[in-house]
Amino acid sequence: MRPGVSGVLVAGVGNVFLGDDGFGPAVARRLAEEVSGLPGWAAEEVQVRDYGIRGLHLAYDLLDGVDALVLVDVLPAPADGSTSAGTLRILKIRVEDLESGGPLTPAGLRANPAFDPHGMDPLAVLRRLRVLGGSLPETYLVGCIAGRTDEGMGLSEDVSRAVPAAVEAVRTLVTARITNADAAPASAAPDETG
């Protein structure tokens with residue numbers, strides 16, 4: 001997005017060289033191919049970007065100002081095995097979720113709260129916004145439980161099958177935001193993290 005232009009930023013994040021961690025970029029690529037044909041998705045209103053592992057780039061794009069952010073990323077499997085690989089979760093992320101002790105802090109989605117300008121921990125990027133002079137826009141996470149994140153390119157079968165559903169979830173969230181709908185349809189209604 002150009003400076004001073006508000007809208008929705010869809011950010012696919014992850015490392016394509018670490019198996020299922022390439023989920024966010026895969027969804028972003030699929031959406032970018034389809035954006036021009038989606039009703040109401042004008043380039044000045046919706047930007048779809050594959051950020052890969054460029055956390056600092058995402059932070060500075062957010063400082064330009066967006067009304068809403070949809071992050072697409074892989075999520076770690078719960079230790080108790082209660083959720084299987086390929087399961088989608090849609091979360092609304094609030095400022096209090098990022099604060100120390102919140103549900104999205106290190107014990108939650110990521111293990112390292114430090115900001116690495118050469119890496120991509122989306123939660124660390126969002127936490128860092130305030131220090132950089134920005135604020136958290138309306139933010140959603142479309143996440144997929146990972147099957148494997150070892151070295152190697154390509155998504156696992158379970159996570160690969162989740163890509164079309166994630167694309168549809170992002171479409172629903174963005175379309176609802178653009179049309180100022182009161183709530184997303186039940187199929188893409190976000191879980192509350194708090």
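Every value quoted in this text rests on a predicted model; they were computed, and no experiment measured them.
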Worksheet item: What heavy-atom pair brings D67 and R177 nearest, and what distance separates the two atoms?
Response: CB-NH2, 3.3 Å

Practice prompt. List for me each residue that meets side chain to side chain donor-acceptor pair (under 3.5 Å) alongside S160, sequence neighbours excluded, and say none if there are none.
Written response: none

Worksheet entry | D61 side chain reached by R49 side chain, heavy atoms, under 4.5 Å | yes

Worksheet item: Closest heavy-atom contact between P137 and L69?
Response: CG-CB, 4.0 Å

Worksheet item: Roughly how far, to the nearest 0.5 Å, is the CG atom of L62 from the CG atom of L132?
Response: 10.0 Å

Worksheet entry | Any donor-acceptor pair under 3.5 Å from D21 side chain to T149 backbone | no

Discussion item. Taking Y51 as the starting point, is it possible to reach L63 by hopping between hydrophobic residues whose side chains are less than 4.5 Å apart?
Written reply: yes

Fill in: Test side chain to side chain donor-acceptor pair (under 3.5 Å) applied to D158 - qualifying residues, sequence neighbours left out
R161

Discussion item. Test of understanding: clusters of I, L, V, M, F, W, Y form through side-chain heavy atoms closer than 4.5 Å, transitively. Do V125 and L56 belong to the same one?
Written reply: yes

Worksheet item: How far apart are the closest heavy atoms of D97 and K92, and which atoms are they?
Response: OD2-O, 3.6 Å

Discussion item. Are V174 and L31 packed together at the side-chain level, in the sense that at least one heavy-atom pair is separated by less than 4.5 angstrom?
Written reply: no

Worksheet item: Any link between F17 and V13 through a network of hydrophobic side chains (Ile, Leu, Val, Met, Phe, Trp, Tyr) touching at under 4.5 Å?
Response: no

Discussion item. So which atom in A77 and which in A146 form the shortest heavy-atom distance, rounded to 0.1 Å?
Written reply: CB-O, 4.2 Å

Discussion item. If hydrophobic clusters are built by linking Ile, Leu, Val, Met, Phe, Trp and Tyr wherever their side-chain heavy atoms come under 4.5 Å apart, do L18 and I53 end up in the same one?
Written reply: no

Discussion item. Could you measure the distance from the CG atom of N15 to the CE atom of M153? Nearest 0.5 Å is fine.
Written reply: 9.0 Å

Item to complete: Using the test side chain to side chain contact (heavy atoms under 4.5 Å, CB included), find all partners of A166 that sit at least two apart in sequence or belong to another chain.
Response: F23, V27, L88, V142

Worksheet entry | Heavy-atom closest contact (A169 atom, I90 atom, distance) | CB-CD1, 3.7 Å

Discussion item. If only side-chain N and O atoms count, and only distance matters, is there a donor-acceptor pair under 3.5 Å linking D20 with S156?
Written reply: yes

Practice prompt. Answer yes if V16 and V72 sit in the same cluster of Ile, Leu, Val, Met, Phe, Trp and Tyr residues linked by side chain heavy atoms under 4.5 Å apart, and no otherwise.
Written response: no

Worksheet entry | Stepwise side-chain contact (heavy atoms from CB on, under 4.5 Å) check, Q47 with V10 | CA-CA 6 Å; Q47 292 289 315; V10 178; over 6 Å; no

Practice prompt. Specify the closest pair of heavy atoms between G19 and L155, including all atoms of both residues, with the distance to one decimal.
Written response: O-CD2, 3.6 Å

Worksheet item: For the atom pair CG (L129) and CG (L58), what is the distance rounded to the nearest 0.5 Å?
Response: 7.5 Å

Worksheet item: For L75 and L141, what are the C-alpha separation, side-chain angles and deciding distance, and is it a side-chain contact (heavy atoms from CB on, under 4.5 Å)?
Response: CA-CA 10 Å; L75 299 171; L141 170 67; 3.7 Å; yes

Discussion item. Closer than 4.0 angstrom, basic N to acidic O: yes or no for R171 and E168?
Written reply: yes

